[in-house]
Amino acid sequence: MKTFLDKDFLLQTDAAKELYHEHAAKMPIIDYHCHLIPAMVANDYQFKSLTEIWLGGDHYKWRAMRTNGVDERYCTGTDTTDWEKFEKWAETVPYTMRNPLYHWTHLELKTAFGIEKLLSPKTAREIYDECTAKLQTPEYSARNLMRRYHVEVVCTTDDPIDSLEYHKKCKDDGFEIKVLPAWRPDKAMAVEVPADFRAYVEKLSDVSGLTISRFDDMIAALRKRQDFFASMGCKLSDHGIEEFYAEDYTSAEIDAIFNKVYGGQMLTQSEILKFKSAMLIVFAEMDAEKGWTQQFHYGAIRNNNTKMFKQLGPDTGFDSIGEFNTAKVMAKFLDKLNSEGKLAKTILYNLNPCANEVIATMLGNFQDGTVPGKIQFGSGWWFLDQKDGMEKQMNALSVLGLLSRFVGMLTDSRSFLSYPRHEYFRRTLCNLIGNDVENGLLPASEMDFLGQMVENISYYNAKNFFQF
């Protein structure tokens, strides 16, 4: 019987152990998509408690706590103490066995705090006090936590109207870890609520210094902001979309739609789809011109619990996997860009695992030999960023593409304790390959190549692909 979370955790064969310990484990982390708050890095934030760093904003944990019968006040409430919230989380943890939260929880305790005890109601107070005390020391500041995990680059997620002042401060301070912005312009295509759209466009006008009264003005303002992002080291964009958009449209139609929604009128569903299609194409063309990589996270249906959305707002644990017919529309979108020579390096992330093979085969349609793995199948995202989801994603990519050219893992997290997700991914990767060696599906004589392949997927592919 193997020991839980020992040095060979998830590694089932000698080949897997060799690949992980001699290759993957030593590689730095490039976290090219995350939701860290840049101000926390810039100000080298010191967390006041384990609850703040671990439970604050963590809708993964909140979902588990609610499922375990924990009252909402211990998840997002303001009338409970940090200890009371942590106590309820500790009561929940034993019930998360076989959920990835159980692995992540104990990996984070071990790698960040050196704690190898299992979290439960019996150990909760001891663990809480020890970790909270450590968090008061300089060694556990935001920047030093990033150093602890050998982070080399992080790319945050930033709106075109953001000032990027905290990214600048990190650089001006001489902080050796690159903290780069990533362009997330979703609000510029959110025309469902005219008043919200107009308010956003007016903010865009203010920060760009350009008067916006028509569609071309808005694009000019966005281009100006993109130039600014590029000057701050931005190399990636990202879009969080339900599905792809590729409706046919004319310039005159888009001008008229902009005028209509900017004037406060509701759009028809057809007009919404046309406008989103136009914006997605414009953004993609802008990325290609800049030499950026565009990322598309698609397939979530958000804010399903309207009662809780009204109470708590978005990103609080009430989203789920959606079902969309996207293959033809995605192909049409990519083909239009490719036909005009404007298809940038692209990463496609699906949230519904039933689309794994769809994505894996879509890549091959638009690889053009200019860049290894120009069109990428993104790592298991959100509900899929666990052992089973990652294995399925990598198996589909292996069978239908080239796993060896994969740019690897990212945290997609708001937490400074989420970096063990990279370790979790690397162990899963090494186990996948190591099992093939053990079973004679890959040659044991090629361990040097396989070791380099693991290092590439863990680090070098991303470094070269994004040119960090």
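Below, each value reflects all heavy atoms present in this structure, side chains not excepted, and no hydrogens, waters or symmetry copies.
Distance alone, capped at 3.5 Å, is enough to place a donor-acceptor pair between the D44 side chain and the R143 backbone. Judged by distance alone, with hydrogens and angles left aside, the side-chain atoms of K276 form a donor-acceptor pair with the main-chain N or O of M189 at under 3.5 Å. Q376 places a side-chain N or O within donor-acceptor distance of the main-chain N or O of G373, the cut-off being under 3.5 Å. Looking only at distances, a side-chain donor or acceptor of N439 sits under 3.5 Å from a matching main-chain atom of N435. Between the side chain of Q295 and the main chain of S237, a donor-acceptor pair closer than 3.5 Å is present. Y140 places a side-chain N or O within donor-acceptor distance of the main-chain N or O of A112, the cut-off being under 3.5 Å. Using a distance-only test at 3.5 Å, with no hydrogens or angles considered, a donor-acceptor pair links the side chain of T96 to the main chain of V93. Side chain of R426 to backbone of A24: a donor-acceptor contact under 3.5 angstrom is found. A donor-acceptor pair under 3.5 Å links the side-chain atoms of Q46 to the main chain of T137, judged by distance alone. Between the side chain of D6 and the main chain of F9, a donor-acceptor pair closer than 3.5 Å is present.
Nearest heavy-atom pair, G408 versus F425, reported as atom, atom and distance to 0.1 Å: CA-CZ, 4.1 Å. Taking every heavy atom of both residues into account, T111 and P420 meet most closely at OG1-CG, 3.3 Å. Shortest non-hydrogen contact noted between L351 and L384 is O-CD1, 3.3 Å. D385 and G380 make their closest contact through CB-O, 3.1 Å (heavy atoms, listed as atom of the first residue, atom of the second, distance).
Under the 3.5 Å distance criterion, with hydrogens and angles disregarded, a donor-acceptor pair is assigned to the side chains of Q294 and T346. In the model, Q452 has a side-chain atom that pairs as donor or acceptor with a side-chain atom of N456 under 3.5 Å. Checked by atom type, the side-chain pair E91/Y74 shows no donor-acceptor distance below 3.5 Å. With hydrogens and angles left out, the side-chain atoms of T411 and S418 include no donor and acceptor closer than 3.5 Å. For the residue pair W381/D412, the side-chain donor-acceptor check at 3.5 Å is satisfied. Under 3.5 Å, the side chains of T156 and H167 contain a donor-acceptor pair of N or O atoms. T132 and Q136 form no side-chain donor-acceptor contact under 3.5 Å, judged by distance and modelled atom types alone.
Remark: of the listed residues Y149, W104, Y424, Y149 is the sole one forming a ring pair (Phe, Tyr, Trp, His ring centres under 6.0 Å) with Y419.
At most 12 heavy atoms of other shown residues, nucleotides or ligands fall within 6.0 angstrom of atom NZ in K122. Within a 6.0 Å radius of CG in D79, more than 12 heavy atoms belonging to other residues, nucleotides or ligands are found. Under a cut-off of 6.0 angstrom, the local environment of NZ in K392 is sparse, with at most 12 non-hydrogen atoms contributed by other residues, nucleotides or ligands. Within 6.0 Å of CG on D368 lie more than 12 heavy atoms contributed by other residues, nucleotides or ligands.
One distance of note links OH of Y128 with CG of L119; it measures 12.5 Å at 0.5 Å rounding. Between the NE2 atom of H33 and the CE atom of M409 there is a distance of 11.0 Å, given to the nearest 0.5 Å. Within the model, atoms OG1 of T157 and NE2 of H35 stand 4.0 Å from one another, a figure rounded to the nearest 0.5 Å. One distance of note links CG of L50 with SG of C131; it measures 5.0 Å at 0.5 Å rounding. Atoms OG and CD1, from S379 and I347 in turn, are 8.5 Å apart once rounded to the nearest 0.5 Å. Here OG1 of T92 is found 11.0 Å from CG of N99. Values are rounded to the nearest 0.5 Å.
With Y200 as the aromatic partner, K187 does not meet the cation-pi criteria of under 6.0 angstrom to the ring centre and within 45 degrees of the ring axis. Remark: K345 is not positioned above the aromatic ring of W292, lacking an NZ or CZ atom under 6.0 angstrom from the ring centre and at most 45 degrees off the axis. R125 forms a cation-pi arrangement with W83, by the criterion of a distance under 6.0 Å to the ring centre and an angle within 45° of the ring axis.
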Step-by-step salt bridge (Lys or Arg N to Asp or Glu O under 4.0 Å) determination, K134 to E130: CA-CA 6 Å; K134 286 181 175 179; E130 180 177 342; 3.3 Å; yes
Salt bridge (Lys or Arg N to Asp or Glu O under 4.0 Å) evaluation trace for R148 with E139: CA-CA 9 Å; R148 172 181 289 269; E139 184 182 356; 2.8 Å; yes
Worked check of side chain to side chain donor-acceptor pair (under 3.5 Å) between T76 and E72: CA-CA 6 Å; T76 59; E72 187 63 33; 2.6 Å; yes
Check against salt bridge (Lys or Arg N to Asp or Glu O under 4.0 Å), R184 and D238: CA-CA 5 Å; R184 183 75 172 259; D238 180 62; 2.7 Å; yes
From CA spacing to verdict: side-chain contact (heavy atoms from CB on, under 4.5 Å), V437, T13: CA-CA 9 Å; V437 173; T13 64; over 6 Å; no
Evaluation steps, side-chain contact (heavy atoms from CB on, under 4.5 Å), between K235 and T293: CA-CA 6 Å; K235 294 177 181 289; T293 298; over 6 Å; no
Derivation of the salt bridge (Lys or Arg N to Asp or Glu O under 4.0 Å) call for R302 and E242: CA-CA 9 Å; R302 300 174 185 268; E242 278 196 354; over 6 Å; no
Worked verdict on I433 versus L442 for side-chain contact (heavy atoms from CB on, under 4.5 Å): CA-CA 8 Å; I433 296 172; L442 290 173; 4.0 Å; yes
T51 and E84: CA distance, side-chain angles, deciding distance, side-chain contact (heavy atoms from CB on, under 4.5 Å) verdict: CA-CA 9 Å; T51 299; E84 288 171 328; over 6 Å; no
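Ring-plane geometry between W54 and F86 is classed as parallel, the angle between the planes falling under 30 degrees on a 0 to 90 degree scale with a further cut at 60. The aromatic rings of F4 and Y102 sit tilted relative to each other, their planes meeting at an angle between 30° and 60°.
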Please tabulate, one pair per line, all N/O donor-acceptor pairs under 3.5 Å involving side-chain atoms of residues 307-322, not counting sequence neighbours.
unit_1 : atom_1 : unit_2 : atom_2 : d
T316   : OG1    : G313   : O      : 3.0
D319   : OD1    : N303   : N      : 2.7
S320   : OG     : N304   : ND2    : 3.4

Hey, can you pull the donor-acceptor pairs under 3.5 Å for the side chains in residues 457-468, sequence neighbours left out?
unit_1 : atom_1 : unit_2 : atom_2 : d
S458   : OG     : V454   : O      : 2.8
Y459   : OH     : E152   : OE1    : 2.8
Y459   : OH     : E152   : OE2    : 2.8
N461   : ND2    : S404   : O      : 2.9
N461   : ND2    : F406   : O      : 2.8
K463   : NZ     : E152   : OE2    : 2.9
N464   : ND2    : Y460   : O      : 3.2

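Counting heavy atoms from C-beta outward, H422 and I30 have side chains that stay 4.5 Å or more apart. A heavy-atom distance below 4.5 Å is found between the side chains of L403 and M453.
If you look at F296 and F333, their ring centroids are closer than 6.0 Å. Taking the ring centroids of Y349 and Y298, they lie at or beyond the 6.0 Å cut-off.
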